[in-house]
Amino acid sequence: METYSATEVEAKWQGRWDELGTNLFSREDLASAENPYFNLMMFPYPSAEGLHVGNIYAYTGADVWGRYQRLKGHDVFQPMGFDAFGIHSENYALKVGVNPNDLIPSNISNFTRQLRRIGAMFDWNHTVDTTDPNYYRWTQWVFLKLFEAGLVEKREAPVNWCPSCKTVVANEQVIQGLCERCDAAVEQRQIEQWFLKITNYAQRLLDGIEQIDWSSRTLTAQNNWIGRSEGADIDFPIVGRDEAIRVFTTRPDTICGATYMVLAPEHPLVEALTNDEQRETVDAYVEQAKRLDLKARQYVDRPKTGTWIGAYCENPITGAQMPVWVSDYVLIEYGTGAIMAVPGHDERDFEFASTFDLPIKRVISRDGSNNAGPMTEAYVGDGVLVNSGEFDGLSVAKGKRAIVQKLETNGLATGQVRYRLHDWCISRQRYWGPPIPIVYCDDCGAIPVPEADLPVLLPRLEQFKPDDSGESPLARDTDWCSTECPECGGVGTRETDVSDTFLDSAWYFLRYPCTDSDEVALDDEMVKKWLPVNSYIGGHEHAVLHLLYARFVTMAFHDHGILEFGEPFEKFRAHGILTKDGRKISKSRGNVIIPDDLIAEWGADTVRLYLMFLGPFEQGGDYQETGIRGPASFLDRLALSVAEASDGEGDEHVLQAMHRTIDKVSSDIEQLKYNTVISALMEYLNVVREGGRTCVKQELEPIIVMLAPFAPHLAEELWERLGHNSSIFESGLWPEADPDLAKVETFEIGVQVNGKLRGSISVTAETPEDEAMALARSNERVVTHLDAGEVRKVIYVPGRILNIVVS
RNA sequence: GCCCAGAUGUUGGAAUUGGUAGACAAGCUGGCCUUAGAAGCCAGUGCCUUCUUGGCGUGAGGGUUCAAAUCCCUCUCUGGGCACCA
């Protein structure tokens, strides 16, 4: 029996969509859309390998959502672009010896071909390529706007430095403390870099979490990443000096248990407080700490190291003298770069104190009793203050308040909130990115390039490999570097660092509806109409960086009067990960699946349907190729049914099943449970075809509409074969369930005796208990078990269960 | 170490959110049809059993309940993220 040829049908409908511009918006369409819906998905980095099946999975799931919104009557704008700048592309280009300027366009065209082949409804009129000067011109503009808003700052920051290659290396290029390329020990070095002050927005980013509809795991990740801590800054006077060491602590209640102080190696007071006797040891220690690369420095399981610097502090509560140490387990970038060490109640301090034989004092006890005997581990739990003089007996919470209060009256403490979030360093000493639009002038300093002079074009360099200068390869292009100072017109030199790829992607969604404008980055009319984004779907791996940066830029633009809204994405859903035979798909495992052959063999519709059938979209699924036959034959049977269908009235029993299916599908698709949507459609088709019956068209039409998001080509084809002459996506055809028909009248419910299933009875929602009992008693098996004793209790939940307790 | 997610037949996964565990598929077994089958159709398929009966069964162990995959406690394992954040 001839059903359909996927190749022909798919080519036919893709051709027709292109020809009619079904998925395209003209500038006028964008301006006049009545029911706008911006369906965004994370744009890919166009690798040389092409899209793998995981990408297809993600984009199909997002496209299903967009097509579903369209069937519900929205004007769905669904653009796609390419995140093509960055170290990824650059490293690959270096490896294969091709200039990224040549490599990227061919990768993009390959990606475009693949994305078109899966039949997603992308608007190819509104696409972005982050490496296009017409795009990065505006990325540079974003930088300038943030600069204007006072959110850009240049300061020294540590980078990994390979002393042999004499270049900056990324964290990923440091393998066990050694340079990936030359095996030399990597060290950290301080260089001047550009930062965006995202920390100014720490609290706002946290507060905004309350108002957005995002996957909860993504919000949790952002919450943890921002890492708000409440505590106090406390000053510990330095013995013999008119100065204090300021520390941040979340546990002021444990201050009486502080037995020593620790400064980070980079702390300015280390130099000032070190006495002559300790000088040599301390200098050597600080030097050694500096030599560690950034990754090794942060490695937790390293044994604690450090040295006494020869100074003392006074505990502002107990008055006790405490030695001041220096150790790299205290980080200069968090808090004040100094801590009071409470070994009795902090695991790290305990480890350090044990190593160096420093006193360990219990000041919190679980139950308030003053347990004797030495502590064998730090106690970090809740409890009651002990050995704390006047504060004994207070709970941890009350102790915190009381101690901070007392110190506040002496001006020695202030309540303080701190965040783990760091400012965003956007400087990259690399080639493949947008040049940071800054000019240095001996007289005027660092001056932003005027908006009118954008873009600062990235010159084509044949030698783009980082060299031993330690600067971006751009520094070698002296013609490019030398320019005029925008301020005084004198001699200027360009900034040679390029910006982080994450800056490109922190605002791309704002640009999509505005790609028709060359004069401005953001067309106010379009932004007002289409933003914020209604739905964003992407990988959970971007839970913190990309998604946080995009929120930050949006908030900053809002405050700077550029945008009316403060949150970019109303709704965000993280899709799951596809595994293969239970294992992660990765290049190193060699189990990467390129979808082209699969699509050539089965067709895009079958592949789409299969991928969506694997598991809940937000949880991912396991790819096993044999499974594709199920969805394939489902589509075949559906096509067969359409071919056989006659006109006329639908069978009532089938129509009831149909409306129940509409009900279930409509609610499951909202929750992205595409797998159960598909199984519901399969179940319904099984009812339609039960016992080899031939069906009527009326019974098939709604199922074809509901299938359309998953298998758009075949849905169009069957819709046409059923006699319709406009696109199935044109006029909001999503069906609505008739509640009367969808209602289930009689249920088979289980009958349990003492909680064990012994039979079932057929009831309605209104069947009263006595009637249900009577029915149960007519069941032989039930009766046998009832005979075992006296009926003590009957639990009857109409429509659910009848449980009879017998003893 | 901390945080998040998860563990259900041979496999992917369902389960009205406390109410008949295993839907829908894949695989396998048998049958029909066929020159053929990666086509279509039909039947069977959690384990044990005295086989129309009964018992067991959702990572392990305990608990709550008339009733637990679902709630609570303890633990194990897997995947992911963060990582000396005071």
Side-chain angles (χ1 to χ4, degrees), chain A residues 1 3 216-218 220-221 223-225 227 229 231 247-251 254 262 297-302 304 327-331 333-342 345-349 351-352 418-422 540-541 543-544 576-577 579 581-584 601-602 610 613-616 618-634 636-637 640 664 667 673 675-683 686 689 691-692 744 747-761 781 784 792-797 799-806:
Chain A
M1 179 54 128
T3 52
S216 61
R217 57 186 174 137
T218 311
T220 307
N223 210 345
N224 295 342
W225 185 262
S229 292
V247 305
F248 172 68
T249 178
T250 55
R251 295 295 303 274
T254 62
V262 188
R297 173 70 194 275
Q298 286 166 355
Y299 188 59
V300 189
D301 297 337
R302 239 165 7 106
K304 296 275 181 289
S327 172
D328 64 6
Y329 85 93
V330 172
L331 309 174
E333 63 268 23
Y334 185 75
T336 61
I339 62 157
M340 66 173 198
V342 185
H345 304 284
D346 181 281
E347 282 164 16
R348 298 149 302 181
D349 297 344
E351 193 192 331
F352 190 84
R418 300 220 181 243
Y419 304 88
R420 315 168 70 134
L421 183 69
H422 289 22
H540 190 250
E541 67 273 19
V544 285
I577 303 289
T579 56
D581 305 318
R583 321 195 72 201
K584 197 177 156 185
E601 188 177 355
W602 296 94
Y610 167 61
F613 186 54
L614 284 176
E618 290 186 81
Q619 278 166 47
D622 193 62
Y623 178 93
Q624 296 173 352
E625 205 159 318
T626 54
I628 200 167
R629 285 176 204 162
S633 72
F634 168 69
D636 271 332
R637 286 199 307 276
L640 201 64
K664 174 161 177 69
S667 94
K673 287 156 84 177
N675 57 329
T676 55
V677 167
I678 295 165
S679 74
L681 296 176
M682 288 173 168
E683 257 175 287
N686 290 345
R689 293 173 62 81
V744 182
F747 313 83
E748 283 285 303
I749 67 165
V751 178
Q752 298 179 333
V753 178
N754 289 343
K756 291 200 190 279
L757 185 73
R758 299 300 176 189
S760 69
I761 55 174
R781 270 181 71 200
T784 323
R792 299 278 170 194
K793 196 174 174 185
V794 175
I795 294 108
Y796 176 56
V797 185
R800 292 283 160 82
I801 199 84
L802 175 65
N803 189 9
I804 306 162
V805 184
V806 172

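Since this is a predicted model, take the numbers as computed values, not measurements. Chain letters run A, B, ... following the sequence lines, proteins first and then strands; every chain starts at 1.
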### Message
Need one value for A:R781: base, sugar-phosphate or nothing, where a base atom within 4.0 Å counts as base even if backbone is also close, heavy atoms only.
### Response
sugar-phosphate

### Message
Mind checking if A:I339 touches a base, just sugar-phosphate, or nothing, with heavy atoms under 4.0 Å?
### Response
base

### Task
Determine the Euclidean distance between corresponding C1' atoms of B:C56 and B:A69; express it in Å to zero decimal places.
16 Å

### Task
Would you please confirm or rule out a distance under 4.0 Å between OP1 or OP2 of B:A25 and any side-chain N or O of A:N686?
yes

#### Entry: Gap between atoms NZ and P, on A:K673 and B:G12 respectively (whole Å)
19 Å

### Task
Take the angle between the ring planes of A:F352 and A:Y329 and call it parallel below 30°, perpendicular above 60°, tilted in between.
tilted

#### Entry: Length of the CD-P vector between A:E683 and B:A23, whole Å
10 Å

### Query
Quick one: A:Q624 CD to B:G9 C1', roughly how many Å, whole number?
14 Å

### Query
Should A:R758 be listed as having a side-chain N or O under 4.0 Å from OP1 or OP2 of B:G55?
yes

### Query
If you look at every strand shown and take non-hydrogen atoms under 4.0 Å, does A:S633 touch a base, only sugar-phosphate, or nothing?
sugar-phosphate

### Query
Which part of the nucleic acid, if any, lies within contact of A:D349, taking any heavy atom under 4.0 Å across all strands shown: a base, the sugar-phosphate backbone alone, or nothing?
nothing

### Query
With sugar-phosphate meaning primed atoms plus P, OP1 and OP2, does A:Q752 contact a base, only sugar-phosphate, or nothing at under 4.0 Å between heavy atoms?
base

### Side-chain N or O of A:R689 closer than 4.0 Å to phosphate OP1/OP2 of B:C41
yes

### Query
With a 4.0 Å cut-off on heavy atoms, is A:R637 in touch with a base, just the backbone sugar-phosphate, or nothing at all?
sugar-phosphate

## Note on the structure
Taking a pair to mean Watson-Crick or G-U wobble geometry with both distances below 3.5 Å, B:C84 pairs with none

#### Entry: Separation of the P atoms in B:U16 and B:A21, to the nearest angstrom
13 Å

### Query
How far, in whole Å, is B:A86 from B:G6 if one measures between their C1' atoms?
32 Å

### Query
When the P atoms of B:U45 and B:A25 are considered, how many whole Å apart are they?
16 Å

### Query
Where does B:C66 land, syn or anti, once you apply the within-90°-of-0 test for syn?
anti

### Message
Counting only heavy atoms not in A:E347 (residues, nucleotides, ligands), do more than 12 fall under 6.0 Å from its CD?
### Response
no

### Below 4.0 Å: OP1/OP2 of B:A68 and any side-chain N or O of A:K756
no

### Message
By the 4.0 Å heavy-atom rule, please label A:Y623 as base, sugar-phosphate, or nothing.
### Response
nothing

### Message
Taking only the P atom of each, what is the distance from B:G19 to B:A68 in whole angstrom?
### Response
11 Å

### Task
Verify, without hydrogens or angle tests, whether A:S229 (side chain) and A:Y419 (backbone) share a donor-acceptor contact under 3.5 angstrom.
no

### Task
Could you check whether A:N675 gets within reach of a base, just the sugar-phosphate, or nothing at all, counting any heavy atom under 4.0 Å?
sugar-phosphate

### Message
Considering every strand and a 4.0 Å limit on heavy-atom distances, what is the contact class for A:R420: base, sugar-phosphate, or nothing?
### Response
base

### Task
Quote, to the nearest angstrom, the C1' distance that separates B:U10 from B:C47.
13 Å

### Summary
From CG of A:D622 across to P of B:C24 the rounded distance in Å is 21 Å

### Message
Distance check needed: B:A67 C1' versus A:Y796 OH, whole Å only.
### Response
16 Å

### Message
Over all strands shown, is A:E625 touching base, sugar-phosphate only, or nothing at heavy-atom distances under 4.0 angstrom?
### Response
nothing

### Query
Syn versus anti for B:U64, judged by chi lying within 90° of 0?
anti

### Query
Using a cut-off of less than 4.0 Å, is there contact between a side-chain N or O of A:R217 and OP1 or OP2 of B:G6?
no

### Query
Which whole number of Å gives the distance between the C1' atom of B:G40 and that of B:U53?
39 Å

### For atom NE2 of A:H422 and atom C1' of B:C82, their distance in whole Å
12 Å

### Task
Indicate, with a heavy-atom threshold strictly under 4.0 Å, whether A:I804 touches base, sugar-phosphate, or nothing.
nothing

### Task
Answer syn or anti for B:G80, where the cut-off is 90° from 0 on the glycosidic torsion.
anti

### Query
Taking OP1 and OP2 of B:G80, is either one under 4.0 Å from a side-chain nitrogen or oxygen of A:K584?
yes

### Task
Send over the distance from A:Q619 CD to B:G13 P, rounded to a whole Å.
9 Å

### Query
Taking the same atom, P, in B:G9 and in B:C48, what whole-Å distance lies between them?
15 Å

### Query
Could you give the CG-to-C1' distance, from A:L757 to B:G19, as a whole number of Å?
11 Å

### Query
Given B:A86, is OP1 or OP2 found less than 4.0 Å from the side-chain N or O atoms of A:S229?
yes

